[in-house]
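One structure is given below, encoded as structure tokens.
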Amino acid sequence: MDNFVADGIYVDTPPETVFKRLLNPEDLLVWTEGEEATVDPNPGGIYDVRRFDGVRVSGKFRALRPAEFIEIESYFWEKGDQRRGPMVLSITLQPRFEGVWVLTRLDGIDCCDDWKRFATEVRKEIVGNSVAMKRHICLLYTSPSPRDGL
């Protein structure tokens with residue numbers, strides 16, 4: 001097994017919209033099942049999400065290219081007395097037709113004991129978050145706006 005997990009999902013929404021939603025704390029709370037999120041989308045800025053299940057994921061933005069790429073370094077996964085990291089989380093947006101492929105990759109998962117079990121667990125989280133993110137963004141993007149008179 002490699003020292004990373006990855007997932008890809010197609011979102012039928014423009015890359016610019018997806019990029020903005022990936023960095024919006026209110027949106028993050030929806031698809032991560034979070035209770036609190038802090039996002040400072042600038043190099044060196046904080047990324048911190050605390051979920052209802054007691055998990056906290058945090059790191060610092062290393063790179064941001066609007067509508068293309070997000071990279072978070074010093075990424076830690078914590079729950080109770082368990083702490084995994086540092087890892088690197090990267091999200092690549094690849095435009096395709098009218099939408100975008102969202103490719104998520106978490107590198108450095110072999111940072112701790114029992115990392116193969118952790119890899120399986122965090123892969124499930126990434127897949128679940130990807131599906132929830134797609135549903136949330138597509139719902140927002142396709143829902144009529146109150147100013148549309150509907």
Side-chain angles (χ1 to χ4, degrees), residues 1-96 99-142:
M1 179 179 272
D2 294 312
N3 71 341
F4 72 91
V5 293
D7 185 52
I9 195 163
Y10 184 77
V11 181
D12 195 16
T13 306
E16 298 79 14
T17 300
V18 173
F19 185 82
K20 288 177 187 174
R21 296 292 181 181
L22 288 170
L23 298 173
N24 183 310
E26 290 82 22
D27 291 316
L28 280 170
L29 294 176
V30 173
W31 68 75
T32 63
E33 297 182 1
E35 63 179 303
E36 186 177 338
T38 302
V39 178
D40 176 11
N42 295 293
I46 294 170
Y47 175 91
D48 188 83
V49 177
R50 284 192 285 154
R51 300 185 334 211
F52 286 110
D53 66 359
V55 170
R56 178 182 183 191
V57 292
S58 62
K60 293 188 181 203
F61 288 98
R62 177 166 43 193
L64 293 126
R65 289 193 305 271
E68 293 180 14
F69 186 70
I70 298 168
E71 187 172 65
I72 302 170
E73 66 183 346
S74 301
Y75 186 84
F76 287 90
W77 180 101
E78 302 172 78
K79 184 173 184 178
D81 61 350
Q82 291 183 333
R83 187 170 198 234
R84 303 286 183 154
M87 297 172 280
V88 176
L89 177 68
S90 57
I91 302 170
T92 304
L93 304 176
Q94 296 180 344
R96 180 83 170 143
V100 62
W101 275 99
V102 180
L103 308 172
T104 304
R105 181 177 167 128
L106 183 61
D107 283 284
I109 59 172
D110 60 349
C111 57
C112 306
D113 295 335
D114 199 18
W115 68 272
K116 289 182 181 180
R117 181 190 56 74
F118 175 69
T120 300
E121 291 174 12
V122 79
R123 169 116 171 91
K124 288 178 190 175
E125 285 181 16
I126 288 173
V127 169
N129 287 346
S130 294
V131 170
M133 176 268 303
K134 176 181 178 164
R135 287 180 181 150
H136 176 70
I137 290 174
C138 288
L139 178 65
L140 289 174
Y141 188 70
T142 59

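Since the model is a prediction, treat every value here as computed from it, not as a measurement. Throughout, residue positions are numbered sequentially from 1 according to the sequence presented.
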So, do [X] and [Y] sit near enough that their side-chain heavy atoms are less than 4.5 Å apart?
| X | Y | value |
| --- | --- | --- |
| M133 | V102 | yes |
| V39 | F61 | yes |
| L23 | I70 | yes |
| R56 | V49 | no |

Salt bridge between [X] and [Y], side-chain N to carboxylate O under 4.0 Å?
| X | Y | answer |
| --- | --- | --- |
| K116 | D114 | no |
| E73 | K60 | no |
| K20 | E16 | no |
| R65 | E71 | no |

For this session: For the residue pair T32 and N129, confirm or rule out a side-chain donor-acceptor distance under 3.5 Å.
Result: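 N129 and T32 do not have a side-chain donor-acceptor pair below 3.5 Å.
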Exercise. Will you find, in the side chains of E125 and W77, an N or O donor that is under 3.5 Å from an N or O acceptor?
Worked result: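 Checked: E125/W77 side chains pair up, N/O donor to acceptor below 3.5 Å.
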So, for [X] and [Y], which heavy atoms are closest and what is the spacing to 0.1 Å?
| X | Y | value |
| --- | --- | --- |
| D53 | V55 | OD1-N, 3.0 Å |
| C138 | D12 | SG-N, 4.1 Å |
| R62 | P43 | O-CB, 4.3 Å |
| N3 | W115 | CA-CZ3, 4.4 Å |

Exercise. Judged by atom type as modelled, is there a donor-acceptor pair below 3.5 Å linking the side chain of Y75 to the main-chain atoms of S58?
Worked result: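 Pair absent, no side-chain N/O of Y75 close to backbone of S58.
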Exercise. What's the verdict on side-chain contact (heavy atoms from CB on, under 4.5 Å) for T120 and K124, showing C-alpha distance, side-chain angles and the deciding distance?
Worked result: CA-CA 6 Å; T120 300; K124 288 178 190 175; 4.1 Å; yes
Exercise. Where does the angle between the aromatic ring planes of H136 and W31 fall among parallel (under 30°), tilted (30 to 60°) and perpendicular (over 60°)?
Worked result: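 H136 vs W31 ring planes: tilted.
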Exercise. Would you find more than 12 non-hydrogen atoms of other residues, nucleotides or ligands less than 6.0 Å from R51 atom CZ?
Worked result: yes
From [atom1] ([X]) to [atom2] ([Y]), nearest 0.5 Å:
| X | Y | atom1 | atom2 | answer |
| --- | --- | --- | --- | --- |
| I9 | I126 | CD1 | CD1 | 12.5 Å |
| L64 | N42 | CG | CG | 7.5 Å |
| E26 | L28 | CD | CG | 9.0 Å |
| D48 | T38 | CG | OG1 | 5.5 Å |
| Y47 | S74 | OH | OG | 14.5 Å |
| F19 | E68 | CZ | CD | 9.0 Å |

Exercise. Does the pair E35 and R50 meet the rule for a salt bridge (Lys or Arg N to Asp or Glu O under 4.0 Å), with working shown?
Worked result: CA-CA 6 Å; E35 63 179 303; R50 284 192 285 154; over 6 Å; no
For this session: Kindly determine whether F69 and S90 satisfy side-chain contact (heavy atoms from CB on, under 4.5 Å), including the steps that lead there.
Result: CA-CA 7 Å; F69 186 70; S90 57; 3.9 Å; yes
For this session: Dump the intermediate steps for side-chain contact (heavy atoms from CB on, under 4.5 Å) on Q94 and L103, then the final yes or no.
Result: CA-CA 8 Å; Q94 296 180 344; L103 308 172; 3.5 Å; yes
Problem set entry | R83 to F76, cation-pi by 6.0 Å centre distance and 45° axis angle | yes
